[in-house]
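First comes the structure, then the notes that go with it.
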Amino acid sequence: MTQALYITLPEHFNFRSTVYSHGWCELAPFGLDTENWRLSYVFGHGNAAIPVSVYEQGRRLRIDVEGDGFDKQQIIRDVRHILRLDDDLEGLYTSIAGHERLGWVAQKGAGRLLRSPTVFEDLVKTICTTNCSWGLTKSMVNNLVDKLGESGAFPTPGAMAAVDPDFYRDEIRAGYRSPYFVELAEAVAGGKLDPESWLTSDLSTPELKKEMKKVKGVGDYAAENLLKLVGRYDGLALDSWLRSQFYKNHNKQKPCPDKKIERHYKKFGQWRGLVIWCDMTEKWIN
DNA sequence: GCGTCCAGGTCTACC
DNA sequence: GGTAGACCTGGACGC
(Lines give C-alpha, C1' and ligand atoms only; values in the text may rest on other atoms or scores of the structure.)
Protein backbone atom coordinates (compact mmCIF):
# COMPACT_ATOMS: atom_id res chain seq x y z
CA MET A 1 0.00 0.00 0.00
CA THR A 2 1.33 3.41 -0.99
CA GLN A 3 0.25 6.67 0.62
CA ALA A 4 1.08 10.14 -0.66
CA LEU A 5 2.20 13.07 1.49
CA TYR A 6 2.87 16.59 0.21
CA ILE A 7 5.16 19.47 1.11
CA THR A 8 4.82 22.95 -0.37
CA LEU A 9 8.23 23.97 -1.65
CA PRO A 10 9.92 27.18 -0.53
CA GLU A 11 11.14 29.79 -3.00
CA HIS A 12 14.68 29.32 -4.26
CA PHE A 13 14.55 25.55 -3.97
CA ASN A 14 15.83 23.36 -6.76
CA PHE A 15 15.14 19.66 -6.34
CA ARG A 16 17.68 18.44 -8.90
CA SER A 17 20.50 20.66 -7.71
CA THR A 18 19.88 19.49 -4.14
CA VAL A 19 19.88 15.83 -5.16
CA TYR A 20 23.02 16.30 -7.26
CA SER A 21 24.68 18.60 -4.70
CA HIS A 22 27.22 15.89 -3.85
CA GLY A 23 27.65 12.14 -4.00
CA TRP A 24 25.26 11.32 -1.15
CA CYS A 25 22.40 10.48 -3.57
CA GLU A 26 24.51 7.51 -4.73
CA LEU A 27 24.96 6.11 -1.21
CA ALA A 28 22.49 3.60 0.22
CA PRO A 29 19.82 3.79 1.44
CA PHE A 30 19.39 6.63 -1.07
CA GLY A 31 18.50 5.67 -4.61
CA LEU A 32 17.96 7.82 -7.67
CA ASP A 33 15.70 7.19 -10.66
CA THR A 34 16.91 9.79 -13.17
CA GLU A 35 14.37 8.74 -15.81
CA ASN A 36 11.41 9.80 -13.65
CA TRP A 37 13.46 12.05 -11.38
CA ARG A 38 12.55 10.39 -8.12
CA LEU A 39 14.79 10.22 -5.08
CA SER A 40 14.20 7.19 -2.91
CA TYR A 41 15.27 6.55 0.66
CA VAL A 42 14.55 3.97 3.36
CA PHE A 43 13.87 5.53 6.75
CA GLY A 44 14.48 3.50 9.88
CA HIS A 45 11.87 4.49 12.42
CA GLY A 46 12.23 2.32 15.51
CA ASN A 47 12.37 -1.24 14.23
CA ALA A 48 10.41 -0.41 11.07
CA ALA A 49 11.93 0.29 7.67
CA ILE A 50 9.88 2.79 5.67
CA PRO A 51 10.73 3.17 1.98
CA VAL A 52 9.79 6.51 0.44
CA SER A 53 10.03 8.00 -3.01
CA VAL A 54 10.22 11.79 -3.38
CA TYR A 55 9.56 13.86 -6.50
CA GLU A 56 8.33 17.25 -7.66
CA GLN A 57 4.74 17.93 -8.63
CA GLY A 58 4.54 21.58 -9.60
CA ARG A 59 5.55 23.66 -6.59
CA ARG A 60 4.89 20.76 -4.28
CA LEU A 61 7.00 17.84 -3.29
CA ARG A 62 5.22 14.51 -3.34
CA ILE A 63 6.33 11.75 -1.00
CA ASP A 64 5.09 8.25 -1.76
CA VAL A 65 5.37 6.14 1.38
CA GLU A 66 5.23 2.34 1.32
CA GLY A 67 3.21 0.60 4.01
CA ASP A 68 0.99 1.98 6.74
CA GLY A 69 1.14 2.77 10.44
CA PHE A 70 3.98 5.24 9.99
CA ASP A 71 4.22 8.66 11.60
CA LYS A 72 3.32 11.12 8.82
CA GLN A 73 4.72 14.13 10.63
CA GLN A 74 8.02 12.38 11.25
CA ILE A 75 8.33 11.46 7.56
CA ILE A 76 7.67 15.08 6.58
CA ARG A 77 10.17 16.35 9.17
CA ASP A 78 12.81 13.91 7.90
CA VAL A 79 12.26 14.81 4.23
CA ARG A 80 12.50 18.52 5.09
CA HIS A 81 15.74 17.73 6.94
CA ILE A 82 17.46 15.71 4.20
CA LEU A 83 16.53 18.22 1.47
CA ARG A 84 17.44 21.22 3.68
CA LEU A 85 14.03 22.80 3.02
CA ASP A 86 14.27 25.02 6.09
CA ASP A 87 17.79 26.31 5.42
CA ASP A 88 18.02 30.04 4.82
CA LEU A 89 20.56 30.66 2.03
CA GLU A 90 19.91 34.37 1.53
CA GLY A 91 23.32 35.09 3.07
CA LEU A 92 24.98 32.87 0.47
CA TYR A 93 23.18 34.58 -2.39
CA THR A 94 24.07 38.01 -1.00
CA SER A 95 27.75 37.03 -0.62
CA ILE A 96 28.01 36.03 -4.29
CA ALA A 97 25.78 38.78 -5.72
CA GLY A 98 27.33 40.34 -8.81
CA HIS A 99 29.95 37.60 -9.09
CA GLU A 100 30.18 36.67 -12.75
CA ARG A 101 31.24 33.06 -12.28
CA LEU A 102 28.74 32.29 -9.51
CA GLY A 103 25.61 34.01 -10.77
CA TRP A 104 24.04 30.66 -11.65
CA VAL A 105 23.91 29.59 -7.98
CA ALA A 106 21.20 32.09 -6.99
CA GLN A 107 19.57 31.84 -10.39
CA LYS A 108 19.14 28.07 -10.01
CA GLY A 109 18.34 28.19 -6.31
CA ALA A 110 21.32 25.90 -5.68
CA GLY A 111 23.39 25.54 -2.51
CA ARG A 112 21.43 23.02 -0.47
CA LEU A 113 23.55 19.97 0.30
CA LEU A 114 21.67 16.69 0.56
CA ARG A 115 22.14 15.00 3.92
CA SER A 116 21.01 11.95 5.86
CA PRO A 117 18.21 11.98 8.45
CA THR A 118 20.76 11.67 11.24
CA VAL A 119 24.17 13.20 11.86
CA PHE A 120 25.30 9.74 12.96
CA GLU A 121 24.65 8.40 9.45
CA ASP A 122 26.45 11.34 7.84
CA LEU A 123 29.35 10.82 10.24
CA VAL A 124 29.73 7.14 9.35
CA LYS A 125 29.40 7.88 5.64
CA THR A 126 31.97 10.68 5.83
CA ILE A 127 34.49 8.32 7.45
CA CYS A 128 33.77 5.95 4.55
CA THR A 129 34.87 8.66 2.10
CA THR A 130 38.33 9.10 3.59
CA ASN A 131 41.49 7.80 1.93
CA CYS A 132 39.77 5.67 -0.67
CA SER A 133 38.12 5.80 -4.07
CA TRP A 134 34.46 6.75 -4.41
CA GLY A 135 33.80 3.21 -5.59
CA LEU A 136 35.06 1.81 -2.31
CA THR A 137 33.00 4.35 -0.35
CA LYS A 138 29.84 3.14 -2.11
CA SER A 139 30.82 -0.46 -1.49
CA MET A 140 31.39 0.07 2.26
CA VAL A 141 28.10 1.94 2.70
CA ASN A 142 26.19 -0.68 0.69
CA ASN A 143 27.66 -3.39 2.87
CA LEU A 144 26.68 -1.54 6.05
CA VAL A 145 23.07 -1.25 4.87
CA ASP A 146 22.87 -4.81 3.50
CA LYS A 147 24.55 -6.57 6.40
CA LEU A 148 23.65 -4.47 9.45
CA GLY A 149 20.59 -2.46 8.43
CA GLU A 150 16.97 -3.41 9.08
CA SER A 151 15.17 -4.17 5.79
CA GLY A 152 17.15 -1.71 3.70
CA ALA A 153 17.50 1.10 6.27
CA PHE A 154 20.84 2.44 7.50
CA PRO A 155 22.02 0.55 10.60
CA THR A 156 21.36 2.01 14.03
CA PRO A 157 24.24 2.76 16.42
CA GLY A 158 23.10 -0.27 18.44
CA ALA A 159 23.31 -2.59 15.45
CA MET A 160 26.72 -1.22 14.55
CA ALA A 161 27.95 -1.60 18.13
CA ALA A 162 26.84 -5.23 18.26
CA VAL A 163 29.54 -6.49 15.89
CA ASP A 164 33.32 -6.54 16.29
CA PRO A 165 36.15 -5.05 14.22
CA ASP A 166 36.66 -8.36 12.38
CA PHE A 167 33.12 -8.10 11.03
CA TYR A 168 33.89 -4.64 9.64
CA ARG A 169 37.13 -5.89 8.09
CA ASP A 170 35.75 -9.09 6.58
CA GLU A 171 32.16 -8.18 5.71
CA ILE A 172 32.12 -4.41 5.29
CA ARG A 173 35.65 -4.28 3.79
CA ALA A 174 36.32 -1.21 5.95
CA GLY A 175 40.01 -1.99 6.50
CA TYR A 176 41.77 0.14 9.12
CA ARG A 177 38.51 2.05 9.74
CA SER A 178 37.02 -1.05 11.40
CA PRO A 179 37.90 -0.31 15.04
CA TYR A 180 36.85 3.32 14.51
CA PHE A 181 33.31 2.22 13.64
CA VAL A 182 33.03 -0.01 16.72
CA GLU A 183 34.30 2.75 19.00
CA LEU A 184 31.95 5.33 17.45
CA ALA A 185 28.88 3.09 17.52
CA GLU A 186 29.50 2.09 21.14
CA ALA A 187 29.88 5.72 22.20
CA VAL A 188 26.64 6.76 20.47
CA ALA A 189 24.65 3.69 21.52
CA GLY A 190 25.90 4.09 25.09
CA GLY A 191 24.96 7.78 25.24
CA LYS A 192 28.53 9.02 25.62
CA LEU A 193 28.40 10.84 22.30
CA ASP A 194 25.43 12.60 20.74
CA PRO A 195 26.22 13.68 17.16
CA GLU A 196 22.64 14.96 16.72
CA SER A 197 23.41 17.71 19.24
CA TRP A 198 25.86 19.17 16.70
CA LEU A 199 22.88 20.43 14.71
CA THR A 200 21.96 22.90 17.44
CA SER A 201 25.26 23.30 19.25
CA ASP A 202 26.12 26.67 20.82
CA LEU A 203 29.83 26.01 20.32
CA SER A 204 31.77 28.21 17.92
CA THR A 205 32.66 26.51 14.65
CA PRO A 206 36.33 25.94 15.65
CA GLU A 207 35.20 24.45 18.97
CA LEU A 208 32.63 22.23 17.28
CA LYS A 209 35.24 21.11 14.76
CA LYS A 210 37.48 20.16 17.67
CA GLU A 211 34.64 18.08 19.14
CA MET A 212 34.10 16.31 15.83
CA LYS A 213 37.80 15.54 15.51
CA LYS A 214 37.67 13.64 18.79
CA VAL A 215 35.95 10.87 16.81
CA LYS A 216 38.59 8.46 15.49
CA GLY A 217 38.81 8.68 11.72
CA VAL A 218 37.62 12.28 11.62
CA GLY A 219 40.33 14.74 10.61
CA ASP A 220 40.21 18.21 9.07
CA TYR A 221 38.47 17.24 5.85
CA ALA A 222 35.88 14.97 7.50
CA ALA A 223 35.07 17.52 10.22
CA GLU A 224 34.64 20.34 7.71
CA ASN A 225 32.42 18.15 5.54
CA LEU A 226 30.28 17.37 8.57
CA LEU A 227 30.15 21.05 9.50
CA LYS A 228 28.62 21.74 6.08
CA LEU A 229 26.03 19.06 6.72
CA VAL A 230 25.03 20.68 10.02
CA GLY A 231 24.77 24.08 8.34
CA ARG A 232 28.16 25.71 8.96
CA TYR A 233 30.10 26.67 5.88
CA ASP A 234 33.22 28.47 7.12
CA GLY A 235 35.53 25.50 6.42
CA LEU A 236 36.53 24.54 2.87
CA ALA A 237 36.67 20.74 3.48
CA LEU A 238 39.51 20.37 1.00
CA ASP A 239 40.06 16.86 -0.27
CA SER A 240 42.01 15.54 -3.25
CA TRP A 241 39.02 15.92 -5.60
CA LEU A 242 38.23 19.50 -4.57
CA ARG A 243 41.89 20.49 -4.81
CA SER A 244 42.23 19.01 -8.30
CA GLN A 245 39.12 20.90 -9.41
CA PHE A 246 40.53 24.15 -8.06
CA TYR A 247 43.82 23.60 -9.89
CA LYS A 248 41.87 22.97 -13.10
CA ASN A 249 39.52 25.93 -12.77
CA HIS A 250 41.64 28.60 -11.14
CA ASN A 251 45.33 27.66 -11.35
CA LYS A 252 46.04 26.55 -14.94
CA GLN A 253 45.98 22.87 -13.92
CA LYS A 254 48.95 23.39 -11.59
CA PRO A 255 48.99 22.24 -7.95
CA CYS A 256 49.28 24.98 -5.32
CA PRO A 257 49.33 25.19 -1.52
CA ASP A 258 45.99 25.07 0.33
CA LYS A 259 46.67 28.59 1.58
CA LYS A 260 46.20 29.90 -1.96
CA ILE A 261 42.80 28.19 -2.19
CA GLU A 262 41.88 29.64 1.20
CA ARG A 263 42.87 33.15 0.05
CA HIS A 264 40.76 32.77 -3.10
CA TYR A 265 37.54 32.14 -1.14
CA LYS A 266 38.26 34.28 1.93
CA LYS A 267 36.04 37.12 0.69
CA PHE A 268 32.94 34.93 0.96
CA GLY A 269 33.29 34.86 4.75
CA GLN A 270 31.12 32.37 6.60
CA TRP A 271 29.76 31.03 3.28
CA ARG A 272 33.14 30.18 1.72
CA GLY A 273 32.81 26.41 2.16
CA LEU A 274 29.55 26.41 0.25
CA VAL A 275 30.88 28.84 -2.36
CA ILE A 276 33.89 26.67 -3.24
CA TRP A 277 31.64 23.62 -3.43
CA CYS A 278 29.17 25.34 -5.78
CA ASP A 279 32.05 26.79 -7.80
CA MET A 280 33.65 23.37 -8.33
CA THR A 281 30.44 21.40 -8.98
CA GLU A 282 28.78 23.76 -11.48
CA LYS A 283 28.95 21.14 -14.23
CA TRP A 284 27.01 18.63 -12.13
CA ILE A 285 24.11 21.04 -11.73
CA ASN A 286 24.02 22.84 -15.07
C1' DG B 1 50.40 -11.97 -13.71
C1' DC B 2 52.82 -8.79 -10.77
C1' DG B 3 54.24 -4.47 -8.65
C1' DT B 4 53.20 0.30 -7.90
C1' DC B 5 50.34 4.16 -7.33
C1' DC B 6 46.57 6.58 -5.51
C1' DA B 7 41.81 7.75 -4.29
C1' DG B 8 36.59 12.74 -1.71
C1' DG B 9 42.87 11.32 4.83
C1' DT B 10 43.96 10.26 9.52
C1' DC B 11 46.70 8.59 13.34
C1' DT B 12 50.81 8.15 15.99
C1' DA B 13 55.40 9.01 17.23
C1' DC B 14 58.79 12.12 17.23
C1' DC B 15 61.03 16.58 16.90
C1' DG C 1 52.65 22.94 15.83
C1' DG C 2 54.67 20.56 12.21
C1' DT C 3 56.03 16.29 9.73
C1' DA C 4 57.29 11.29 8.25
C1' DG C 5 55.57 6.87 7.88
C1' DA C 6 52.03 3.50 8.32
C1' DC C 7 47.50 2.17 7.24
C1' DC C 8 42.90 -1.24 4.40
C1' DT C 9 40.95 -1.63 -0.07
C1' DG C 10 40.47 -2.11 -4.92
C1' DG C 11 40.87 -0.19 -9.57
C1' DA C 12 44.13 1.72 -13.04
C1' DC C 13 48.31 1.52 -15.10
C1' DG C 14 52.89 0.01 -16.79
C1' DC C 15 55.78 -3.72 -17.68
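These figures come from a predicted structure and were not determined experimentally. Below, read A as the first sequence line, B as the second, and so on, with proteins coming before strands; counting in each chain starts at 1.
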Short side-chain to backbone donor-acceptor contact, [X] and [Y], under 3.5 Å:
| X | Y | answer |
| --- | --- | --- |
| Arg84(A) | Leu113(A) | yes |
| Arg115(A) | His81(A) | yes |
| Asn143(A) | Ile172(A) | yes |
| Lys125(A) | Ala28(A) | yes |
| Ser201(A) | Leu203(A) | yes |

Next item on the list: For Thr137(A) and for Lys214(A), find the nucleotide of DNA chain B with the closest heavy atom, then tell me which residue's nucleotide is more 5'.
Entry: Thr137(A)
Is it true that [X] and [Y] make a salt bridge, defined as a side-chain N closer than 4.0 Å to a carboxylate O?
| X | Y | result |
| --- | --- | --- |
| Lys138(A) | Glu26(A) | yes |
| Arg101(A) | Asp279(A) | yes |
| Asp86(A) | Arg80(A) | yes |
| Lys210(A) | Glu207(A) | no |

Take atom [atom1] of [X] and atom [atom2] of [N], then tell me their distance rounded to the nearest Å.
| X | N | atom1 | atom2 | answer |
| --- | --- | --- | --- | --- |
| Lys213(A) | dG9(B) | NZ | C1' | 11 Å |
| Tyr180(A) | dA6(C) | OH | C1' | 10 Å |
| Asn142(A) | dG10(C) | CG | P | 13 Å |
| Leu226(A) | dG9(B) | CG | P | 14 Å |
| His22(A) | dG8(B) | NE2 | P | 15 Å |
| Asp239(A) | dG8(B) | CG | C1' | 4 Å |
| Trp277(A) | dG8(B) | CH2 | C1' | 7 Å |
| Phe181(A) | dC7(C) | CZ | P | 19 Å |

What are the atom names and distances for every N/O pair under 3.5 Å that joins the protein to nucleotides 13-15 of chain B?
none

Note to self: Check this for me: Asp202(A), atom CG, are more than 12 non-hydrogen atoms of other residues, nucleotides or ligands nearer than 6.0 Å?
What the structure shows: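 Incorrect, the count does not exceed 12.
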Margin query: For Gln107(A), I'd like to know if atom CD has over 12 heavy atoms of other residues, nucleotides or ligands within 6.0 Å.
Written below: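 Open.
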Note to self: Would you compute the distance between atom CG of Leu238(A) and atom CG of Asp258(A) and round it to the nearest 0.5 angstrom?
What the structure shows: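 Atom-to-atom, Leu238(A):CG and Asp258(A):CG are 5.0 Å apart.
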Next item on the list: Measure from NZ or CZ of Arg60(A) to the centre of the six-membered ring of Tyr6(A) and say whether it is under 6.0 Å with the direction within 45° of the ring axis.
Entry: yes
Item checked: For Ser116(A) against Trp24(A), the heavy-atom pair lying closest together -> OG-NE1, 3.7 Å
Donor-acceptor pairs are to be reported for all side-chain atoms of residues 145-166 of chain A against protein atoms at under 3.5 Å, with residues two or more places apart or in another chain.
residue, atom, partner, partner atom, Å
Lys147(A), NZ, Glu171(A), O, 3.4
Lys147(A), NZ, Glu171(A), OE1, 3.2
Thr156(A), OG1, Ala159(A), N, 3.0
Asp164(A), OD1, Asp166(A), N, 3.3
Asp164(A), OD1, Phe167(A), N, 3.1

Could you work out the separation of [N] and [M] based on their [atom1] atoms and round it to a whole Å?
| N | M | atom1 | result |
| --- | --- | --- | --- |
| dG11(C) | dT10(B) | P | 23 Å |
| dC5(B) | dA6(C) | C1' | 16 Å |
| dG8(B) | dG5(C) | C1' | 22 Å |

Checklist line | Ring center gap for Trp271(A) and Tyr233(A) short of 6.0 angstrom | finding: yes
Notebook entry, point to check: Does the ring centre of Trp104(A) sit less than 6.0 Å away from the ring centre of Trp284(A)?
Noted result: no
Notebook entry, point to check: Residues from residues 160-175 of chain A sitting under 4.0 Å of DNA chain C, heavy atoms only?
Noted result: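 DNA chain C contact set from residues 160-175 of chain A: Arg169(A), Arg173(A), Gly175(A).
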Next item on the list: Within residues 215-223 of chain A, find the residues that approach DNA chain B with a heavy atom at under 4.0 Å, and present them sorted by residue number.
Entry: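 Those residues whose heavy atoms fall under 4.0 Å from DNA chain B, taken from residues 215-223 of chain A in numerical order, are Val215(A), Lys216(A), Gly217(A), Val218(A), Gly219(A), Asp220(A), Tyr221(A), Ala222(A).
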Note to self: Could you write out DNA chain B as dot-bracket? Rules: Watson-Crick or G-U wobble, both distances under 3.5 Å, brackets [ ] for crossings, | for pairs with another strand, dot for unpaired.
What the structure shows: |||||||.|||||||
Pairs: protein N or O with nucleotides 4-7 of chain B N or O, under 3.5 Å:
residue, atom, partner, partner atom, Å
dA7(B), N3, Ser133(A), N, 3.2

